[in-house]
Amino acid sequence: MLDEKFTGNGKAVLLAGGGKIYTDIAARFVRSERDLEDIVASPYSKKIVENILSSGHRAALEFDFFIFGLEGYSRVTETQLVRKRLASYLIKSGRAELGGKRRYSVVYPRGVAEFSAPVTLPGGETVNLSGRDLADLGRQWYEAGLDAGLPEEDLRYLKPQATEFKAIVGMNAHALLDWFSIRCCRNAQHEIQHLAWQMLRLCRRAAPDLFAGAGPNCVQLGYCPENALQNARCRGRIITKDDAMTLLRSARGAAAVPPAEDEFAED
C-alpha cells in the first residue's frame, strides 16, 4: 500500500545545540590577552554576541553547532537542502536491502496527488491517471522488482522525486544564518521554506541571542536583495536593494561617489 504524505507536514526536531553558547568564548580568544583558562572561565557575554552579529564578522559563530532530525520531506527538498555545503548530512539509505520491509513513502502537494490527466499505455489504450495513481504504479513496480530478486540499489533508479527522505543534519550558527536568509524567503519553494522556518523556530528557542535577528534576507539586511525578482507579496512593503542604494546616494549627496577600485589595492 502507498504510504502517502502531503507537503507542509514535515517534521524537524532539534537533537543538539543551544544551552551553553561558545560564540562569545571564541570571540574572546581573538582579542583577549588573558590566559586561556581565564577566558574559558569568563561568564557568558550577551553583548559580545550582539556585537558579532551587528558587525557581520561571523567567524566566531562557527563554534556553536546544531543537529536536527528531519522526516516527512521529499527528495525535491533534499536536493535543495544539500546545496548548502557548510553542513553535515546523514541521509537514510535508499540502497540498503531491507528484505521487503521498506515503506514506499511519498511526499507531494495534495493538488499534484489529485490532478488527473489522460496517458497512453504501451498497448495504445488511453486512461485517466492521477498523480496518486502514478505513485502507486511505481510502488507496484518496485515491489514486483523486489519479488523478482532485483537489488534495491538498482530499483531506486525509478523512484520519484516525491520519495520521502529522512536525515540528520548538522550546521553551525554561521551556516544556519546564511541558510535561513535564502530558504526562509518567500521566493524559496514552499516545502523547503516550511523546513527552514521550522528549524529557525527551534534555533530561536534554543539560542535566542544567536538567532534573534535571523530570518530571510530582508530581515537580516533590512532590504530585499532580489530586486526585480522580489516576491510579488513583498513588493511595496519591503524596500529592494536597488531602491535602498538610490535613497542612500541621494542622502549622501551628489558629491559622494564610490571609491575607485585601486583605492583598495595593496601598498
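- His174 and Asn172 make their closest contact through N-OD1, 3.0 Å (heavy atoms, listed as atom of the first residue, atom of the second, distance).
- By the criterion of side-chain heavy atoms lying less than 4.5 angstrom apart, applied directly or through intervening Ile, Leu, Val, Met, Phe, Trp or Tyr residues, Tyr157 is not grouped with Leu155; the two fall into different hydrophobic clusters.
- The cluster map of Ile, Leu, Val, Met, Phe, Trp and Tyr, joined by side-chain heavy atoms under 4.5 Å apart, puts Trp197 and Ile182 in different clusters.
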Practice problem: Mind running side-chain contact (heavy atoms from CB on, under 4.5 Å) on Arg28 and Ser45 for me, showing each step along the way? | Solution: CA-CA 10 Å; Arg28 284 190 178 100; Ser45 173; 3.3 Å; yes
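- Only one option out of Asn187, Ile239, Thr240 pairs with Gln230 in a side chain to side chain contact (heavy atoms under 4.5 Å, CB included); it is Thr240.
- Note that CD1 of Ile238 and SG of Cys224 are 6.5 Å apart. Values are rounded to the nearest 0.5 Å.
- Other residues sharing a hydrophobic cluster with Val76 under the 4.5 Å side-chain heavy-atom criterion for ILVMFWY residues do not exist; the residue is a singleton.
- Annotation: the span from Leu158 atom CG to Trp141 atom CH2 amounts to 4.0 Å, rounded to 0.5 Å.
- Inter-residue side-chain proximity for Leu129 and Leu137 is flagged as met; some heavy-atom pair is nearer than 4.5 Å.
- Hydrophobic clustering of Ile, Leu, Val, Met, Phe, Trp and Tyr side chains at less than 4.5 Å, counting indirect connections, unites Phe211 with Leu53.
- Under the 4.5 Å side-chain heavy-atom criterion for grouping Ile, Leu, Val, Met, Phe, Trp and Tyr, Val112 is not connected to Val119 through any hydrophobic cluster.
- Residue Phe63 comes nearest to Tyr22 through the heavy atom pair O-CB, 3.6 Å, listed as atom of the first residue, atom of the second, then distance.
- In this structure, Phe115 places its CZ atom where only 12 or fewer heavy-atom neighbours from other residues, nucleotides or ligands lie under 6.0 Å away.
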Quiz item: Could you walk me through whether Lys92 and Glu71 pass the side-chain contact (heavy atoms from CB on, under 4.5 Å) check?
Solution: CA-CA 10 Å; Lys92 182 180 178 181; Glu71 68 176 8; over 6 Å; no
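- Taking both residues in full, the closest heavy atoms of Glu78 and Ile91 are given as OE2-CD1, 3.3 Å, listed atom of the first, atom of the second, then distance.
- Between Glu152 and Arg156 there is no salt bridge, since no side-chain N of the basic residue sits under 4.0 Å from a carboxylate O of the acidic one.
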Exercise. Given side-chain contact (heavy atoms from CB on, under 4.5 Å), test Tyr223 with Leu247 step by step and report yes or no.
Key: CA-CA 12 Å; Tyr223 58 81; Leu247 289 172; over 6 Å; no
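- The SG atom of Cys184 sits 8.5 Å away from atom CZ of Arg201, with the distance rounded to the nearest 0.5 Å.
- With a 4.5 Å cut-off on side-chain heavy atoms, Tyr44 and Lys20 do not count as touching.
- Judged by distance alone, with hydrogens and angles left aside, the side-chain atoms of Asp133 form a donor-acceptor pair with the main-chain N or O of Ser130 at under 3.5 Å.
- Side chain of Asn9 to backbone of Phe6: a donor-acceptor contact under 3.5 angstrom is found.
- A donor-acceptor contact shorter than 3.5 Å is absent between the side chain of Asp209 and the backbone of Lys46.
- In terms of modelled atom types and a separation under 3.5 Å, the side chain of Gln80 and the main chain of Ala188 share no donor-acceptor contact.
- Other residues sharing the hydrophobic cluster of Ile168, ordered by chain and number and joined by side-chain separations under 4.5 Å: Val13, Leu15, Phe65, Ile67, Leu90.
- Classified by interplanar angle (parallel below 30°, tilted 30° to 60°, perpendicular above 60°), the ring pair Tyr73/Phe165 is tilted.
- For Tyr108 and Gln161, the side-chain atoms include no donor-acceptor pair closer than 3.5 Å.
- Both Val82 and Leu176 belong to a single network of hydrophobic side chains, linked directly or stepwise wherever heavy atoms of I, L, V, M, F, W or Y lie under 4.5 Å apart.
- For the ring-ring contact (aromatic ring centres under 6.0 Å, His included) test, no residue two or more places apart in sequence or in another chain qualifies with Phe68.
- Contact record, Pro109 with Thr7: CA-OG1, 3.5 Å, taken as the closest heavy-atom pair.
- Shown here for Leu81 and Ile192, the closest heavy-atom pair between the two residues is N-CD1, 3.7 Å.
- Distance check, rounded to the nearest 0.5 Å: CZ of Arg83 to OG1 of Thr79 gives 7.0 Å.
- A donor-acceptor pair shorter than 3.5 Å can be found between the side chains of Asp64 and Thr23.
- Dense packing is recorded around NZ of Lys5, with more than 12 heavy atoms of other residues, nucleotides or ligands lying under 6.0 Å away.
- Residues Leu210 and Phe66 form a side-chain contact, since some pair of their non-hydrogen atoms from C-beta on lies under 4.5 Å apart.
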Quiz prompt | side-chain contact (heavy atoms from CB on, under 4.5 Å) evaluation trace for Asn231 with Glu226 | solution = CA-CA 8 Å; Asn231 189 277; Glu226 300 280 331; over 6 Å; no
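- Remark: Leu200 CG to Gln198 CD distance equals 11.0 Å, nearest 0.5 Å.
- Closest heavy-atom contact between Gly213 and Gln220: O-CG, 3.5 Å.
- Distance check: Glu191 CD to Arg183 CZ gives 11.5 Å after rounding to the nearest 0.5 Å.
- Side-chain contact of Asp243 with Thr246: a donor-acceptor pair under 3.5 Å is absent, judged by distance alone.
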